[in-house]
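Before any comments, here is the structure.
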2 protein chains.
Amino acid sequence: MSVPLYQAKAEMFRTLGHPVRIRVLELLQAGPRPVRDLLAEIDVEPSNLSQQLALLRRAGIVVSFRQGGLVMYALSTPAVADLLAAGRRILGEVLTDRDGLLAELKARD
Amino acid sequence: MSVPLYQAKAEMFRTLGHPVRIRVLELLQAGPRPVRDLLAEIDVEPSNLSQQLALLRRAGIVVSFRQGGLVMYALSTPAVADLLAAGRRILGEVLTDRDGLLAELKARD
DNA sequence: TGCGTAGTTGCAGAATTCTTCAAGTCGGTT
DNA sequence: AACCGACTTGAAGAATTCTGCAACTACGCA
């Protein structure tokens, strides 16, 4: 194989590793949306958003199509939502673990 | 809150976005392992591995402890394995989609 | 106490990614 | 055809991340 599997995985995760791209994916979980809507909700320059969307597109995570003068984006597979959910869960566990540790440390002095 | 949630998420995904770190996590899915084992399986300089482990540790994704002269690492929560599984599934879907498209394109000429 | 193995940390140059600006494309509309 | 709105692309400097070397810490043991 040309690209080791673990490298493809790393690339995929890295593709998700950007605040704007995460927000886009979260918004797209509710269904397809035009760029203009994303732009209205994300506070980023149009050209920057386009760059981020292009990255997600190239990674195959989202797809785009035109609809009545607007360009729409959508998740390429609902599995993306599962990935985000798993991420959310870990984040929750890690943060509560930290809080737990913090509380433990505080109780000591 | 000081750090927006979507930024914390992005950071977590970015932390996973590196070939060495992915391999470490995959190895740790089978249970705790000493650094020396990871080193034997991953083909990376010791100092580099240490840097990557430090990143994972700071992100709260793994934990480390000492055991009989060796430093052991383990996943901080089994949820990490779920995240990797979700990633694997998406990668599979994206790749077969691409193959499908590729086949379609080839059938055309 | 002194040594050797096991890992870690600091750092600097190399490589990658981000952001923004300017210019360009693609479809509708008039 | 000319124009406009909605995006996209190219490119370059700024910012971040990666890698490897050298130095350092932590243990266990003679």
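Order of the sequence lines sets the chain letters (A, B, ...), proteins ahead of strands, with each chain counted from 1. None of these values were measured; they are calculated from a predicted model.
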Side chain to side chain donor-acceptor pair (under 3.5 Å) partners for B/Arg14, two or more places apart: none
B/Thr15 side chain to B/Ala59 backbone, donor-acceptor under 3.5 Å: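 Side chain of B/Thr15 to backbone of B/Ala59, a donor-acceptor pair under 3.5 Å: no, none is there.
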Step-by-step side-chain contact (heavy atoms from CB on, under 4.5 Å) determination, A/Ile61 to A/Met12: CA-CA 9 Å; A/Ile61 293 170; A/Met12 195 198 53; 4.2 Å; yes
What is the separation between atom [atom1] on [X] and atom [atom2] on [N], rounded to the nearest whole Å?
| X | N | atom1 | atom2 | value |
| --- | --- | --- | --- | --- |
| A/Glu45 | D/dT8 | CD | C1' | 14 Å |
| A/Met72 | D/dC7 | CE | C1' | 14 Å |
| A/Phe65 | C/dC26 | CZ | C1' | 17 Å |
| A/Arg58 | D/dG10 | CZ | C1' | 12 Å |

B/Tyr73 vs C/dT8: side-chain N/O to OP1/OP2 distance below 4.0 Å: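 Answer yes for this pair, as a side-chain N or O of B/Tyr73 is under 4.0 Å from OP1 or OP2.
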Sequence neighbours excluded, every pair satisfying side-chain hydrogen bond (donor to acceptor under 3.5 Å, both in side chains) that has a member inside residues 50-60 of chain A: A/Arg21-A/Gln52, A/Asn48-A/Gln52, A/Arg57-A/Tyr73
DNA chain D contacts made by residues 46-55 of chain A, counting heavy atoms under 4.0 Å: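 When residues 46-55 of chain A is checked for heavy atoms under 4.0 Å from DNA chain D, the hits, listed by number, are A/Pro46, A/Ser47, A/Ser50, A/Gln51.
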Strand contacts (DNA chain D) in residues 7-43 of chain A, 4.0 angstrom heavy-atom criterion: A/Val35, A/Arg36
A/Glu41 bridged to A/Arg33 by N-O distance under 4.0 Å: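 Yes.
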Stepwise side-chain contact (heavy atoms from CB on, under 4.5 Å) test for B/Val62 and B/Leu25: CA-CA 8 Å; B/Val62 305; B/Leu25 296 179; 3.7 Å; yes
Shortest non-hydrogen contact from A/Leu83 toward B/Ala86: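 Closest heavy-atom pair between A/Leu83 and B/Ala86: CD1-CB, 3.5 Å.
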Is the closest side-chain heavy-atom distance between [X] and [Y] below 4.5 Å?
| X | Y | result |
| --- | --- | --- |
| B/Leu27 | B/Asp37 | no |
| A/Leu84 | B/Phe13 | yes |
| A/Val63 | A/Leu75 | no |

Other cluster members, B/Phe65 - Ile/Leu/Val/Met/Phe/Trp/Tyr, side-chain contacts below 4.5 Å: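 Cluster partners of B/Phe65: B/Met72.
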Would you tabulate the nitrogen or oxygen pairs shorter than 3.5 Å linking the protein to nucleotides 28-30 of chain C?
none

